[in-house]
Amino acid sequence: MGNIDTDSLKISHHTERNLVVVGGGHAGCEAAAAAARMGARVILLTHNPATIGEMSCNPAIGGLGKGHLVREIDALDGVMARAIDRAGIQFKMLNRSKGPAVQGPRAQADRRLYRQAMQEILMEYDNLTLMAGAAADLVLDRDGHLAGIVTETGQTIPCRAAIITTGTFLGGLIHIGTDKIPAGRVGEAPSMALAQRLRALGLPMGRLKTGTPPRLDGKTIDWSGLGKQIGDIPPQPFSFMTDVITTPQIACGITATTDKTHQVIQANLHHAPLFSGQIEGIGPRYCPSIEDKIVRFADKSSHQIFLEPEGLDDDTVYPNGISTSLPKFVQDLVVASIPGLEQARIIRHGYAIEYDYLDPRALHNGLGLKAIPGLFLAGQINGTTGYEEAAGQGLVAGINAAISLGFDEGGAAEAKKWFSPDRTQSYLGVMIDDLITKGADEPYRMFTSRAEYRLRLRADNADLRLTPMGVTAGCVGTARQQKFAARAAEMAAAKTQSEQWRISPSELARMGFEVRQDGIMRTAFDVLRLPNIGLDGVSKIWPEMARYSEQTRQGLAAESLYATFLARQDEDIADFHQDESLALPPDLDFAAIGSLSTEIREKLTRIRPANLGAAARIPGMTPAAVTALLRYVESGRVRDRAAVPARAPDRAPTRAPDRAPDHSPAQKWGT
């Protein structure tokens with residue numbers, strides 16, 4: 001990657017194929033890198049290139065559901081997992097006591113090291129150039145297709161595709177008590193002109209909010225009486241490309257709010273912008289501010305706080321659990337009421353920030369705007385919250401923006417399908433499908449509970465699920481392809497071998513394992529799922545298991561554990577794909593379907609689902625409405641305008657909860 005270029009790159013980068021990424025946060029970094037891997041010539045336009053990869057809020061990556069997203073990003077050769085492996089100072093597998101499907105990797109980060117790692121990785125792309133500046137306007141051609149980005153200085157960057165990843169900068173407004181400060185984050189100007197331009201285009205927009213806690217001086221914290229949270233030993237990397245973590249590891253502190261804390265907050269709620277009406281945007285329900293917690297969970301006498309160091313050579317501590325927008329003097333009292341923090345000095349006070357977002361139902365499944373071809377959106381502008389959700393969208397948007405320019409092995413973009421793994425294949429697919437069909441009434445956060453097929457969508461097998469898809473799309477580099485080929489071959493060999501090794505119940509008994517003496521021979525793959533034997537026991541019975549890597553052995557154990565359920569889930573997935581295969585014409589006249597209510601017609605017309613499955617997942621869609629839509633499409637009245645696969649007349653749109661066999665569509669949907 002060359003030096004920061006402020007000359008709009010008119011000649012050297014073939015402007016007819018320029019792709020501009022607006023914003024250098026997690027979504028922007030993944031978008032720029034993905035498009036560059038695809039072969040596009042990318043300009044990353046950001047206010048301050050020195051802050052590329054900045055962790056604006058908590059210094060951590062991953063978690064439940066979120067960790068799955070990071071592994072999937074990595075499987076598609078994204079950059080987030082590799083960056084956190086270089087910068088992580090505490091790695092921990094959450095939910096370790098539960099099944100592997102709901103376990104989530106998480107890592108505490110050194111902010112400086114993470115930012116440095118992200119910038120170093122981006123610098124490896126020769127066709128990616130940084131440009132300092134802020135986007136202020138869009139240039140559209142006569143057909144309404146994106147033709148360029150205009151900066152706040154009036155400079156035009158010609159392009160046929162762009163990805164907007166503005167995070168909290170779009171119309172950003174910080175709240176601390178009654179103080180209101182226009183900003184994208186502390187000390188950085190918001191993007192007001194671009195927000196006004198998007199609203200002027202008549203796009204469906206709204207306001208959301210998020211928040212951050214005060215930052216503390218770790219030297220002024222009394223750590224002596226506090227609990228400690230220790231990471232995993234050895235730390236488990238995020239990236240499938242990382243063999244071992246070499247960054248020094250640290251412990252985090254644990255404390256909690258007290259009755260005094262709650263009394264201080266209750267007495268000052270009238271100062272809280274969240275309750276005074278000063279804040280219009282809706283905040284994340286699953287990550288509320290401390291004042292919101294006190295009100296919503298009034299029966300709780302305390303709330304846990306994790307004291308997370310922000311770096312190996314940085315005394316700043318992030319008190320995870322007390323996000324707030326209370327006035328500074330109240331924050332001082334709150335912090336002083338918490339054990340261990342009585343003398344703690346606040347380096348920077350917490351705040352809430354409101355920002356503009358666009359209703360993601362205006363997007364197609366490639367994360368491009370339906371109304372403006374060539375313009376893609378990723379991250380908080382689509383109504384999500386969190387680094388991982390933003391990065392996942394950036395990756396998908398980057399791939400599809402490159403596809404729109406013809407960098408996917410050639411051919412007209414219009415004739416190609418967008419790269420968009422469905423919800424049976426990935427958490428990325430779950431997130432995107434949720435956003436474009438349900439919208440975002442509040443900041444969207446990923447949880448394992450959002451995935452119907454989570455037994456298949458584990459963090460440990462993300463590469464086996466998605467890397468082949470990435471290779472086909474052209475977004476996976478040679479090094480990862482080679483490593484994946486070896487990994488997949490070893491996994492296949494281990495599975496084959498485990499099904500060839502056999503043992504009788506009597507032999508197991510003689511080795512000290514309690515099993516039912518039914519005379520049935522069991523394979524090593526079967527024995528793996530027995531709770532009193534497991535992987536350790538199988539390794540004792542068949543020492544040859546040691547020839548396989550720990551990653552392969554753990555993956556094999558997970559496959560064995562869920563084998564019976566996976567067989568059933570595969571039937572559900574087949575049903576899902578049957579529904580997804582029934583395409584709905586993009587110009588389908590929903591008003592012509594007489595039995596639909598006005599409300600459902602309006603929803604279908606606004607969202608324009610690509611297929612019957614997506615239509616069925618729109619909130620408010622009734623079984624009767626789905627059946628009416630199915631009958632209308634299959635009646636032949638739209639067959640001339642869309643390639644609608646033939647379906648058996650008794651085939652239901654989706655699987656019934658009780659799996660009733662061979663129900664007709666009308667019976668299935670209760671009509």
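Everything quoted here is computed from the prediction, not taken from an experiment.
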Nearest-0.5 Å distance that lies between atom CD1 in Ile121 and atom CD1 in Ile52: 12.5 Å
Separation between CG of Leu138 and OG1 of Thr156, rounded to the nearest 0.5 Å: 11.0 Å
Contact check, side chains of Thr448 and Tyr427, non-hydrogen atoms, under 4.5 Å: yes
Short side-chain donor-acceptor distance under 3.5 Å, Ser325 and Glu291: yes
Considering all heavy atoms, the nearest Val79-Ile73 contact: N-CG2, 4.4 Å
Validation row: His68, Phe447 side chains within 4.5 angstrom (heavy atoms): no
Heavy-atom side-chain contact between Leu216 and Val335 under 4.5 Å: yes
Table please: side-chain donor-acceptor pairs of residues 166-176 below 3.5 Å, with sequence neighbours left out.
residue: Thr168; atom: OG1; partner: Gly184; partner atom: O; Å: 2.6
residue: His175; atom: ND1; partner: Gln278; partner atom: NE2; Å: 2.8
residue: His175; atom: NE2; partner: Glu354; partner atom: OE1; Å: 2.8

Heavy-atom donor-acceptor pair, Lys293 side chain to Lys300 backbone, under 3.5 Å: no
Any donor-acceptor pair under 3.5 Å from Thr257 side chain to His303 backbone: yes
Modelled atom types, side-chain donor and acceptor of Ser301 and His262, under 3.5 Å: no
Exceeds 12 heavy-atom contacts within 6.0 angstrom, atom CD of Gln343: no
Sequence-distant partners of Arg458, salt bridge (charged side-chain N to carboxylate O under 4.0 Å, His left out), two or more places apart: Asp460, Glu559
Polar side-chain atom of Gln119 near backbone of Ala50 as donor-acceptor pair, under 3.5 Å: yes
Verdict with supporting geometry, Arg106 and Glu308, salt bridge (charged side-chain N to carboxylate O under 4.0 Å, His left out): CA-CA 13 Å; Arg106 183 184 188 272; Glu308 302 173 342; 3.1 Å; yes
Nearest non-hydrogen partners of Pro59 and Tyr318, listed with the distance: CD-CG, 3.6 Å
Parallel, tilted or perpendicular: rings of Phe329 and His271 (30°, 60°): perpendicular
Side-chain donor/acceptor of Arg71 to backbone N/O of Phe238, under 3.5 Å: yes
Thr324 and Val334, any side-chain heavy atoms less than 4.5 Å apart: no
Identified side chain to side chain donor-acceptor pair (under 3.5 Å) counterpart of Tyr444 within the set Thr384, Asn382, Asp434: Asp434
Main-chain N/O of Leu274 paired with Lys209 side-chain donor or acceptor, under 3.5 Å: no
Note, Leu208 side chain near Gln380 side chain (heavy atom, < 4.5 Å): no
Nearest heavy atoms of Asn95 and Val102, plus distance in Å: ND2-O, 3.1 Å
Audit row: Glu54, Arg185, salt bridge (charged side-chain N to carboxylate O under 4.0 Å, His left out) steps and yes/no: CA-CA 11 Å; Glu54 185 71 49; Arg185 58 181 168 229; 5.3 Å; no
Polar contact flag, side-chain donor to acceptor under 3.5 angstrom, Thr437-Arg617: no
Distance in Å, Asp292 CG paired with Leu269 CG, rounded so as to fall on 0.5 Å steps: 10.0 Å
Atom of Gly321, atom of Ile290 and distance for their closest heavy-atom approach: O-CD1, 3.9 Å
More than 12 heavy atoms of other groups within 6.0 Å of Asp217 CG: yes
Any donor-acceptor N/O pair, Asn268 side chain to Val264 backbone, under 3.5 Å: yes
Donor-acceptor under 3.5 Å (Thr258 side chain, Ser337 main chain): yes
Sidechain-backbone polar pair: Lys66 side chain, Met446 backbone, donor-acceptor under 3.5 Å: no
Arg215 (side chain) donor-acceptor with Pro213 (main chain) under 3.5 angstrom: yes
